[in-house]
Peer 1: 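Starting off with a structure, shown below.
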Amino acid sequence: MIERALKGSPKYWGWVIFLLAIISVGFLCYLYQLKNGLGITGMSRDISWGVYIAQFTYFVGVAAGAVMLVIPKYLHHYQKYAKIVVFGEFIAIAAVTMCLLFIVVDIGQPMRMLNVLLHPTPHSMLFYDMIVLNGYLAINIIVGYNTLLADRKGLPCPGWVKPFIYLSIPWAISIHTVTAFLYAGVPGRHLWLTAVMAPRFLASAFAAGPSLLIMLLLFVQKVSKFKVDPEAIQSVAKTVCYAMIVNMFLMFMEFFTAYYSHIPGHIAPLEYLFFGLHGHDSLVGFMRFSMVAGFLGIFVLLVPALRRSNKWLVLGVASVFLATLIDKGVGLVIGGFIPNPFETITEYSATFPEIMIAISIWAVGALVLTVLYKVALSVREEQQIA
Amino acid sequence: MSMDRREFLKAAGLSAVAGLGAKGAFDLFMPGDVDASEHGGHSGHGHGHGDEAEAGPKIRLAMAIDVLQLKDHSKVDKIKAACDNAHNIPHWDSKDDEVKWIWEDEYEHVFPDTHNEYLADEVRELPFLLMCNHCDDPPCARVCPVEATFKRPDGIVAQDYHRCIGCRFCMAACPYGSRSFNWFDPRIPLRAEGRKLNPRFPTRMRGVVEKCNFCVERLAEGKQPACVEACPDVMIFGNLADPNSEIRKVLRKRVSLRRKLELGTKPSVFYLV
């Protein structure tokens, strides 16, 4: 089945070559980092995690978002999702691949990476993160591939795959919960030490993942003969809207607790992110944009007349995707380090090679997704002809 | 090899302490209690038995820093230099790349949670020496995915530079900013002209985390930590679990502060004011 990825139009190959070109530039930057050390990034003694870990966190969420299609389809037999659920699972595969790569490029001694297996350490949350992420990747490969294979043959999904499908539901919740625990369980980082971290992670994940899916589905309809039921897309859009409302609500909880309690430690990182602290405000523009985009996305997706127009729909889901990308994929991690344990401020800005490496991991994700979507689309097109 | 590195470190640590006890050079613990000290375990969870001296480990190494003595700033420099020379600590120009084991800062930054704008001028201006707190319940050891950082039975929070994968989770978890990462190859600044190296302590490689180790390598030889040797009137090192140790005596007499006690990490570094 996978061989279908080898037959494509010149445009398809052009896109693949474009991605490979970006990947090779990023790979060269990675070799440069490997040779000189992580000092070539914008990270520092005070901001010891940067864009790599932030993006890792974000894409764990995007991966978990697939469950928003799996639950309606397999637990509620919502058949409108029958044709598109595999596209959600393939997003999960691409996103988890990106997550693993973001971890690899972030660690200082990548050749010692397997120490995590050699010295399993159950009191470290990273130990569980390793298990749940690799497990989620495996589950989605098993489920995605086998359901698509069965579809192609016109057969029902084989019985042995069913337990994996049901397992994927709590597993998706687990990947983002454990990722939240990486942050929520450390003392002394005010922005992170919050019990709503995991719930907020899940809410933003269930907004971000399905947003990306809608954009991709609208795009593949244009470049292939595969037609998606508009009602299915509308249902996904409603999911995005509700999830984003919960996300923004939980963010408001953070603001209330910090600002009403007046506890300086709780206020400081929010102050830094959204208003600037002691003259340091390099993220204020981004965070405010994220806030505005979040509200705009909710508004567009909430009003039925707007949501039903594809142009508005794209604006709505793109806003939600960007809003969560900035909020979780930048602000959350950097904000946790500001102010530092001495209540002083060191700011962070990513360097060129660091950004190139991150972009090339996006390109790897896009390449994995392209190949998987090519296969899925060719199967769907065959079905439609038949 | 029949003994892995961790076993070796544990054994070396215990024999070091035993050696000290036998020599009587140090008031660390009562001879014959080596095995008893093991039951505290080196688990990263560290259930923190420190409160009840009877139930707790027989050795818990700690440092008391007489901050009032540091009015004479030359002592700060002397202590820092002693640590630098003992551990081949690289010096980087950029603050971002810094590797620090022991350094000074003001009260306001050392105790930000008890910030007091009406603090006595004298205290406000004192240089407080910062170092790893060797917490009784160390968050860094709890989060490390490979047990490259771990708590030894004697209370030292050790770092295995050969196992560390450089994920920097410990740096995010440490509420004291005590940990440094080798963003670049630390041997580059060590090659600078005029830099004296200690051939008895390994230099590190890039991509690993490091911090104060309470001079575990010197304890193993029956010596005091380098900072204690440099300024014994400022740095008082000893066994917190022994009520008759010098450090316990001074803590009974003087007012002491510990950093961020509300986090429950139980730091082993005390500031005498």
Side-chain angles (χ1 to χ4, degrees), chain A residues 33-50 53 103 106-130 181-183 185-190 192-193 264-265 268 333 336-337 339-344 346 348, chain B residues 6 43-45 92 94-100 105-106 108-113 115 130 139-148 150 161-186 205-209 259-260 262-265:
Chain A
Q33 176 185 298
L34 209 54
K35 184 164 184 292
N36 293 284
L38 279 161
I40 62 129
T41 67
M43 291 185 274
S44 61
R45 193 177 190 279
D46 283 343
I47 313 278
S48 47
W49 281 339
I53 291 295
I103 294 284
D106 185 70
I107 61 182
Q109 285 293 334
M111 51 293 277
R112 292 185 191 160
M113 201 164 47
L114 293 178
N115 274 2
V116 177
L117 297 175
L118 198 60
H119 310 289
T121 308
H123 54 74
S124 172
M125 283 300 126
L126 266 181
F127 170 75
Y128 298 97
D129 221 26
M130 170 201 66
F181 285 176
L182 296 181
Y183 301 100
V186 301
R189 304 275 177 194
H190 303 300
W192 297 346
L193 194 71
V333 171
F337 289 108
N340 68 11
F342 312 101
E343 302 283 329
T344 58
T346 305
Y348 161 86
Chain B
R6 181 169 310 268
S43 140
H45 280 305
W92 294 101
S94 159
K95 182 175 161 286
D96 288 355
D97 304 326
E98 267 179 329
V99 174
K100 300 194 278 195
D105 207 337
E106 295 163 5
E108 187 190 346
H109 297 145
V110 178
F111 300 97
D113 47 331
H115 178 57
L130 293 167
C140 54
R142 197 184 312 144
V143 302
C144 177
V146 295
E147 292 200 48
F150 56 96
Y161 315 118
H162 303 275
R163 186 185 281 195
C164 175
I165 60 171
C167 72
R168 309 188 298 294
F169 202 175
C170 56
M171 293 177 78
C174 176
Y176 303 105
S178 296
R179 295 180 154 266
S180 303
F181 183 70
N182 286 291
W183 296 103
F184 291 108
D185 182 356
M205 65 196 302
R206 69 176 155 66
V208 300
V209 171
R259 296 172 67 200
K260 300 188 184 178
E262 74 278 11
L263 300 178
T265 55

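Within every chain, numbering begins at 1; the chains are lettered A, B, ... in the order of the sequence lines, protein sequences first and strands thereafter. Computed from a predicted model, the values in this text were never measured in an experiment.
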Peer 1: Checking B/Cys174 against chain A: side chain, backbone, both or neither under 4.5 Å from a heavy atom?
Peer 2: backbone
Peer 1: Could you look at A/Met43 and say if it's the side chain, the backbone, both or neither that has a heavy atom under 4.5 Å from chain B?
Peer 2: both
Peer 1: What residue in B/Val99, B/Asp105, B/Ile165 has the most heavy-atom pairs under 4.5 Å with chain A?
Peer 2: B/Ile165
Peer 1: For B/Ala172 and A/Val186, work out which heavy atoms get closest and say how close.
Peer 2: O-CG2, 4.0 Å
Peer 1: Contact part of A/Asp46 toward chain B, heavy-atom cut-off under 4.5 Å: side chain, backbone, both or neither?
Peer 2: side chain
Peer 1: Check step by step if side-chain contact (heavy atoms from CB on, under 4.5 Å) holds for A/Arg45 and B/Lys100.
Peer 2: CA-CA 10 Å; A/Arg45 193 177 190 279; B/Lys100 300 194 278 195; 3.8 Å; yes
Peer 1: Just how far is it from atom CZ of A/Phe342 to atom CD of B/Glu106, taken to the nearest 0.5 Å?
Peer 2: 12.5 Å
Peer 1: Taking the side chain from B/Lys260 and the backbone from A/Pro341, do they hold a donor-acceptor pair closer than 3.5 Å?
Peer 2: yes
Peer 1: Give the member of A/Pro120, A/Gly336, A/Gly185, A/Ser124 that has the highest number of heavy-atom pairs under 4.5 Å with chain B.
Peer 2: A/Ser124
Peer 1: What part of B/Arg259 is in contact with chain A, defined as an atom under 4.5 angstrom from a non-hydrogen atom: side chain, backbone, both or neither?
Peer 2: side chain
Peer 1: Identify which part of A/Phe337 has an atom lying under 4.5 Å from any heavy atom of chain B, answering side chain, backbone, both or neither.
Peer 2: side chain
Peer 1: Name the member of A/Thr121, A/Thr344, A/Asn340 that forms the most heavy-atom pairs with chain B at distances under 4.5 Å.
Peer 2: A/Thr121
Peer 1: Under a 4.5 Å heavy-atom cutoff, which of A/Met113, A/Arg189, A/His119, A/Met130 has the most pairs with chain B?
Peer 2: A/His119
Peer 1: Taking it one step at a time, do B/Trp183 and A/Ile40 satisfy side-chain contact (heavy atoms from CB on, under 4.5 Å)?
Peer 2: CA-CA 8 Å; B/Trp183 296 103; A/Ile40 62 129; over 6 Å; no
Peer 1: Please flag which part of A/Ser48 lies under 4.5 Å from any non-hydrogen atom of chain B: side chain, backbone, both or neither.
Peer 2: both
Peer 1: For the atom pair CZ (B/Arg163) and CD (A/Gln109), what is the distance rounded to the nearest 0.5 Å?
Peer 2: 14.5 Å
Peer 1: Is A/Leu114 in contact with chain B via its backbone, its side chain, both, or neither, using a 4.5 Å heavy-atom distance?
Peer 2: neither
Peer 1: Heavy atoms only: give me the nearest B/Pro175-A/Gly188 pair and the separation to one decimal.
Peer 2: CB-CA, 4.1 Å
Peer 1: Roughly how far apart are A/Asn115 CG and B/Glu147 CD, rounded to 0.5 Å?
Peer 2: 11.5 Å
Peer 1: How long is the gap from CZ on B/Phe169 to CG on A/Asp129, to the nearest 0.5 Å?
Peer 2: 8.5 Å
Peer 1: Given a strict heavy-atom distance threshold of 4.5 Å, which part of B/Ser94 is in contact with chain A: side chain, backbone, both, or neither?
Peer 2: neither
Peer 1: Tell me, side chain or backbone of A/Ile53 under 4.5 Å from chain B's heavy atoms, or both, or neither?
Peer 2: neither
Peer 1: Relative to chain A, which segment of B/Cys144 carries a heavy atom at a distance below 4.5 Å: side chain, backbone, both, or neither?
Peer 2: backbone
Peer 1: Are the side chain of A/Glu343 and the backbone of B/Val110 linked by a donor-acceptor contact shorter than 3.5 Å?
Peer 2: no
Peer 1: Once rounded to the nearest 0.5 Å, what's the spacing between atom CG of A/Leu193 and atom CG of B/Leu263?
Peer 2: 8.5 Å
Peer 1: Work out which heavy atom in A/Leu126 is nearest to a heavy atom in B/Cys167; give both atom names and the distance.
Peer 2: CD1-SG, 3.8 Å
Peer 1: Working to the nearest 0.5 Å, report the span between CG of A/Leu38 and CZ of B/Arg206.
Peer 2: 8.5 Å
Peer 1: Ignoring hydrogens and angles, tell me if any N or O in the side chain of B/Arg142 forms a donor-acceptor pair with the backbone of A/Met125 under 3.5 Å.
Peer 2: no
Peer 1: What heavy-atom pair brings A/Arg112 and B/Val208 nearest, and what distance separates the two atoms?
Peer 2: NH1-CG1, 3.5 Å
Peer 1: Applying salt bridge (charged side-chain N to carboxylate O under 4.0 Å, His left out) as the test, list every pair that has at least one member in residues 166-175 of chain B; sequence neighbours left out.
Peer 2: A/Asp106-B/Arg168
